[in-house]
Participant: 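Submitted below is the structure of interest, expressed as structure tokens.
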There are 2 protein chains.
Amino acid sequence: MEVSDPLDSSLGEREFAPGCATRVLLDHVTSKWGVLVLVALADGTQRWGELRRRATGISEKMLAQTLKTLQADGLVHREAQPTIPPRVDYSLTEDGREFVELLLPLVTWVADYAKRSG
Amino acid sequence: MEVSDPLDSSLGEREFAPGCATRVLLDHVTSKWGVLVLVALADGTQRWGELRRRATGISEKMLAQTLKTLQADGLVHREAQPTIPPRVDYSLTEDGREFVELLLPLVTWVADYAKRSG
DNA sequence: CGGTATCCGCGTGGATACTG
DNA sequence: CAGTATCCACGCGGATACCG
């Protein structure tokens, strides 16, 4: 291709078919709540209630759904203590930590840009 | 905090209020089609028709809406030639290029991870 | 070619109530 | 505390038609 192309970072093929694994996973991790939950978990292991407070505005339904999806994707680890009252801890898996390392700079940039522009 | 916290990357405050500028912008740039359009534009200036093909599966309505939003956010530049037939070029602004530099590694990682896992 | 306008189905996601 | 279950509205987004 003859366009200048200064940003090609070794991603050979950028045409993703609708419904392909990459697009599906991308939708999960870039979803409205997915981003906020992952960013919250970047601070370390957290409980259900903490996550609800940190992902401000999320409903119980969406928190459950988001966590299940990210868990199935292999990015989030769930550990339940069989105590009463129950205690459940959520944390990032090794893969999740890898991903969040790329996500945090992006979120930081957005927050920064929103401040400069807004 | 006593958790290990190896990922704190100088983002002091991570609790974003619903509807705040950061959350709104984050929703734009992490939206289903926003990501694909930005990634497509990372390859350089492109026309409407090219973008439609690259963001495979997008409708005309969503492409128009996505481009307008990203343009209003200051990440995308639009340049229309007053010719017949009309020709309109879309490209990243300087800010858009900054952002996409952070976005591409993330998308690359997701594509890679989807391949290893899926 | 590069859009805009309109209609409308349906899935996302909020609210509420209930459970182990 | 940490969820599940159910109901339902509303807006996202696709399809279609049309315009400059």
Side-chain angles (χ1 to χ4, degrees), chain A residues 16-20 23-38 40-41 44-73 76-92, chain B residues 16-20 23-38 40-41 44-73 76-92:
Chain A
F16 307 117
C20 75
R23 288 269 289 256
V24 170
L25 185 56
L26 208 50
D27 282 353
H28 295 171
V29 298
T30 66
S31 72
K32 179 185 173 83
W33 300 117
V35 170
L36 292 177
V37 165
L38 287 168
L41 285 174
T45 299
Q46 259 153 102
R47 304 179 61 177
W48 167 275
E50 293 179 293
L51 288 173
R52 268 218 80 187
R53 265 173 274 117
R54 302 243 309 33
T56 318
I58 198 172
S59 65
E60 297 192 337
K61 179 181 174 180
M62 290 315 297
L63 180 55
Q65 188 177 123
T66 302
L67 285 171
K68 264 183 194 160
T69 302
L70 294 176
Q71 191 186 346
D73 289 334
V76 164
H77 175 67
R78 189 191 118 112
E79 195 158 7
Q81 259 84 20
T83 59
I84 293 183
R87 175 196 178 96
V88 183
D89 290 320
Y90 291 93
S91 58
L92 294 173
Chain B
F16 306 117
C20 75
R23 289 268 289 254
V24 170
L25 185 57
L26 208 49
D27 282 353
H28 295 170
V29 298
T30 66
S31 71
K32 178 186 176 81
W33 299 117
V35 170
L36 292 177
V37 166
L38 288 168
L41 286 173
T45 299
Q46 259 153 105
R47 304 179 60 178
W48 167 275
E50 293 180 294
L51 288 173
R52 269 218 81 185
R53 265 175 275 116
R54 305 268 249 82
T56 318
I58 198 172
S59 65
E60 297 192 337
K61 178 181 175 181
M62 291 316 296
L63 179 55
Q65 188 177 122
T66 301
L67 285 170
K68 264 184 192 158
T69 302
L70 294 177
Q71 191 185 349
D73 289 334
V76 164
H77 175 67
R78 188 191 118 112
E79 193 158 9
Q81 259 84 20
T83 60
I84 292 183
R87 175 194 178 97
V88 183
D89 290 320
Y90 291 93
S91 58
L92 294 174

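Computed from a predicted structure; not experimentally measured. Here is the naming used below: chain letters follow the sequence lines, and residue numbers restart at 1 for every chain.
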Participant: Taking for each residue the nucleotide of DNA chain C with the nearest heavy atom, is it B:Trp48 or A:Met62 whose nucleotide lies nearer the 5' end?
Facilitator: B:Trp48

Participant: Is the distance from OP1 or OP2 of D:dG3 to the nearest side-chain N or O of A:Lys61 less than 4.0 Å?
Facilitator: no

Participant: Using atom CD1 of B:Ile58 as one end and atom P of D:dC12 as the other, report the distance to the nearest whole Å.
Facilitator: 15 Å

Participant: With a 4.5 Å limit on heavy-atom distance, are the side chains of B:Gln65 and B:Lys68 in contact?
Facilitator: no

Participant: Would you say the side chain of A:Arg47 lies within less than 4.5 Å of the side chain of A:Asp89, judging by non-hydrogen atoms?
Facilitator: yes

Participant: Can you tell me the distance, in whole Å, between the CD atom of B:Glu50 and the P atom of C:dC1?
Facilitator: 11 Å

Participant: Whole angstrom is fine here: how far is it from CD in B:Glu60 over to P in C:dG2?
Facilitator: 11 Å

Participant: Just N and O in the side chain of B:Arg47: are any of them under 4.0 Å from OP1 or OP2 of C:dG2?
Facilitator: yes

Participant: Of the options D:dG13, D:dG3, C:dG2, whose atoms approach the side-chain atoms of B:Val88 most closely?
Facilitator: C:dG2

Participant: What is the separation between atom CG on A:Leu63 and atom C1' on D:dG3, rounded to the nearest whole Å?
Facilitator: 10 Å

Participant: Tell me: CD of B:Glu79 to P of C:dG3, nearest whole Å?
Facilitator: 13 Å

Participant: Using a cut-off of 4.0 Å on non-hydrogen atoms, how would the nucleic acid contact of A:Arg78 be classed: base, sugar-phosphate, or nothing?
Facilitator: sugar-phosphate

Participant: Locate the shortest heavy-atom distance separating A:Glu60 from A:Trp48; write the atom from each residue and the value.
Facilitator: O-CH2, 3.7 Å

Participant: Relative to the 5' end of DNA chain C, which residue comes earlier, A:Lys32 or A:Pro85, by the nucleotide with the nearest heavy atom?
Facilitator: A:Lys32

Participant: Figure out the CZ/P separation between B:Arg52 and C:dC1, and round it to whole Å.
Facilitator: 12 Å

Participant: If only side-chain N and O atoms of A:Tyr90 are considered, is one of them under 4.0 Å from the OP1 or OP2 phosphate oxygen of D:dC1?
Facilitator: no

Participant: To the nearest angstrom, how far is B:Gln81 atom CD from C:dG3 atom C1'?
Facilitator: 16 Å

Participant: For the pair made of CD in A:Gln65 and P in C:dG13, what is the distance, rounded to whole Å?
Facilitator: 7 Å

Participant: Using the side chain to side chain contact (heavy atoms under 4.5 Å, CB included) definition, which of the options A:Asp73, A:Thr66, A:Leu67 pairs with A:Thr69?
Facilitator: A:Asp73

Participant: Around atom CD of A:Gln81, are there more than 12 heavy atoms of other residues, nucleotides or ligands at under 6.0 Å?
Facilitator: yes

